[in-house]
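See structure below.
When a ligand or atom number is given, it counts from 1 through the structure's own listing order.
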Amino acid sequence: MTVRLGDTAPDFTAETTQGTIRFHAWKGKSWAILFSHPKDFTPVCTTELGAAAALKPEFAKRDCKIIGLSVDPVESHRDWERDIEDVTGHTVNFPMIGDEDRKVSELYDMIHPNANDTLTVRSVFIVGSDNTVKLTLTYPASTGRNFQEILRVLDSLQLTAKHAVSTPVDWQAGDDVIISTTIGDEEAKARFPGGFVTKKPYLRVAPQP
Ligand code: BEZ
């Protein structure tokens, strides 16, 4: 199944390192990030999980829960978590799905057979408070993801969900934003009392609301 932006994130029940989880019930009205790892006891994944654990407080500040997945069993995840702590200094503090039967991997199209027919790719799904998919990313097994970038995108998604703005290239939280072309200058003056700069009629820049 292909999961696209705007789709309702498919619900599932899965065994995890923190017990049985029903995805929609577990996330509730929070945002959530579901991400897959090709395999337990592999080097790149070990570094990624340590980084994700270190950033969990930042995700929590944004009311965003995180949940990992690999096609190995929960017991294997638990053993691997000891190595992750040992190597990275971070305790894995979020649930890891044991997707031995690949039910969730297939539901979210995380196995790309022409890359590898048994392991998942490195998928990321950011799901909004309304349960719709806001972002998807796919990385190969050989390239670790940048979790600071995932946090940056989350900041943009949450800001643009709330205000009529978009965020420019390389934007970081606190930088200027672009006023949506769907609102005219008069409305923009009311919504952005700090003012804005019109670089082109379609490119108006304002301080982050
Ligand atoms: C890794 O995490 O290093 C990895 C996992 C699966 C295949 C290749 C590399």
Checklist entry - Considering only heavy atoms from C-beta outward, does the side chain of Val127 approach that of Phe23 to under 4.5 Å? => result yes
Checklist entry - Are the side chains of Ser123 and Thr136 in touch, meaning some heavy atoms are under 4.5 Å apart? => result no
Checklist entry - So, do Tyr108 and Phe125 have ring centers that fall under 6.0 Å from each other? => result yes
Checklist entry - Is Lys29 paired with Asp130 through a side-chain N to carboxylate O contact shorter than 4.0 Å? => result no
Item to check | Glu58/Arg62 ion pair, N-O < 4.0 Å | outcome: yes
Checklist entry - So which protein residues pack against ligand 1 under 4.0 Å, heavy atoms counted? => result Pro38, Thr42, Pro43, Val44, Cys45, Arg122, Ala141
Checklist entry - Of all residues at least two apart in sequence or in a different chain, which pass the ring pair (Phe, Tyr, Trp, His ring centres under 6.0 Å) check with Phe192? => result none
